[in-house]
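Down below is the structure, laid out as C-alpha cells.
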Amino acid sequence: QSGKSVLANFVSESIEGIGSYSPTQGVRILEYEKPNLNGNSKGAGCRFELWDCSGDQKFETCWPALMKDSHGVIIIFNPDLPSHLKEIEMWYSCFVQQQPLLDSQCLLVAHHKPGSAGDTENLSLAYPLSKLKLIHSNLEEDPEDVRMEFMKYFRSIITLINESREREEMSIIS
C-alpha cells in the first residue's frame with residue numbers, strides 16, 4: 001500500500017487500474033516505449049519493462065525469478081508508515097545487495113499519497129539506505145517533477161548498460 005502500482009502506471013503512461021486499490025498479486029509487468037529518452041530527436045527509443053512487484057511477503061519464493069537479469073530496482077515506500085522504513089531495509093537487502101547490482105542502480109521513492117502530510121524534510125534513513133538516491137513523489141503537487149526524476153534514473157541505467165556492453169565488446173576484441 002505504498003503506491004507502487006500507481007507510480008508504475010504513471011511512469012509507463014498506463015491507465016490500467018486507475019481509481020481503485022487492488023493489491024498486486026505476485027507481479028504485474030508493464031511494457032512501454034520511450035522515444036528520445038536521451039533528449040535528441042534522432043536517438044532510438046528505449047523499450048522498458050517495469051515489473052510491479054507485490055509488497056506481500058507471501059510471494060517471497062517468486063523474488064529470485066523477478067530479480068533475474070534485472071538492470072535496476074526502484075523501492076517505493078510510504079514515508080507516513082513507520083513500518084515501511086524497516087521494510088525497505090529488507091527490500092534493499094534482497095533486491096540490491098544480494099544481486100549483482102550497484103547502489104547507483106537503485107532508486108528510493110518516498111511516495112506521498114493524496115492528502116498525506118508530505119513531510120520531505122525530516123526523513124532520516126539508516127545506513128546503507130542513506131547513501132542511495134532518494135526522491136519524493138507527490139503526483140498531486142508535482143507530477144512532471146516525478147516523471148523527470150524517473151527519466152533521469154532510466155537514463156542512468158541505460159548508460160550503465162551501454163558502458164558494460166562496450167567493456168564486454170572491448171574484452172572480446174582484445
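Positions are given from 1 along the sequence.
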- Message: If you define the side chain from C-beta out and look only at heavy atoms, does anything of K133 sit under 4.5 Å from E149?
- Response: yes
- Query: Out of curiosity, S137 OG to L7 CG, how far, rounded to the nearest 0.5 Å?
  - Reply: 4.5 Å
- Note on the structure: Closest non-hydrogen contact found for S104 with I157 is O-CD1, 4.5 Å
- Taking only residues two or more places apart in sequence or in another chain, which ones pass salt bridge (Lys or Arg N to Asp or Glu O under 4.0 Å) with E144? R147
- Rounded to the nearest 0.5 Å, how far does CG of N162 lie from CD of E169? 9.5 Å
- Decide yes or no on side-chain contact (heavy atoms from CB on, under 4.5 Å) for L107 and I75, but give the supporting numbers first. CA-CA 6 Å; L107 177 66; I75 299 173; over 6 Å; no
- Task: Return yes if some donor-acceptor pair links the side-chain N/O of N138 with the main-chain N/O of E141 below 3.5 Å, else return no.
- Result: yes
- Item | Side chains of S70 and Q105 in contact at under 4.5 Å (non-hydrogen atoms) | no
- Task: Determine yes or no for a side-chain-to-main-chain donor-acceptor pair under 3.5 angstrom, with Y92 supplying the side chain and L108 the backbone.
- Result: no
- Task: Please confirm whether the backbone N or O of C46 pairs with a side-chain atom of E33, one donor and one acceptor, at under 3.5 Å?
- Result: no
- From CZ (F48) to OG (S12), nearest 0.5 Å: 11.0 Å
- Are side-chain heavy atoms of W63 and Q57 found at a separation under 4.5 Å? yes
- Message: Within this structure, what is the CD-SG distance for the pair E60 and C94, rounded to the nearest 0.5 Å?
- Response: 6.0 Å
- Message: Taking the side chain as everything from C-beta on, heavy atoms only, tell me whether H111 gets closer than 4.5 Å to L139.
- Response: yes
- Note on the structure: Rounding to 0.5 Å, atoms SG (C106) and CD (Q99) come to a distance of 12.0 Å
- Query: Is there a donor-acceptor pair closer than 3.5 Å between any side-chain N or O of S93 and the backbone N or O of E89?
  - Reply: no
- Message: Give me the atom names and distance for the closest heavy-atom approach of Q97 to P128.
- Response: NE2-CG, 3.9 Å
- Query: F150 and I135: side-chain contact (heavy atoms from CB on, under 4.5 Å), yes or no, with the steps?
  - Reply: CA-CA 9 Å; F150 272 90; I135 67 167; 4.2 Å; yes
- Message: Check this for me: K131, atom NZ, are more than 12 non-hydrogen atoms of other residues, nucleotides or ligands nearer than 6.0 Å?
- Response: yes
- Would you please classify the geometry between the H136 ring and the H112 ring as parallel, tilted or perpendicular, with 30° and 60° separating the classes? parallel
- Message: With a 4.5 Å cut-off on side-chain heavy-atom distances among I, L, V, M, F, W and Y, is there a chain of contacts connecting F154 to M148?
- Response: no
- Go through the steps to decide whether R47 and E49 satisfy the test side-chain contact (heavy atoms from CB on, under 4.5 Å), and finish with yes or no. CA-CA 7 Å; R47 253 189 71 244; E49 284 185 0; 4.1 Å; yes
- Task: Starting from the C-alpha separation in whole Å, work towards a yes-or-no answer on side-chain contact (heavy atoms from CB on, under 4.5 Å) for H84 and E87.
- Result: CA-CA 5 Å; H84 279 205; E87 285 179 34; 4.3 Å; yes
- Note on the structure: One should read off an interatomic distance between I76 CD1 and I88 CD1, to the nearest 0.5 angstrom, of 11.5 Å
- Task: Check for a donor-acceptor pair, side chain of S164 on one end and backbone N or O of L160 on the other, with a separation under 3.5 Å.
- Result: no
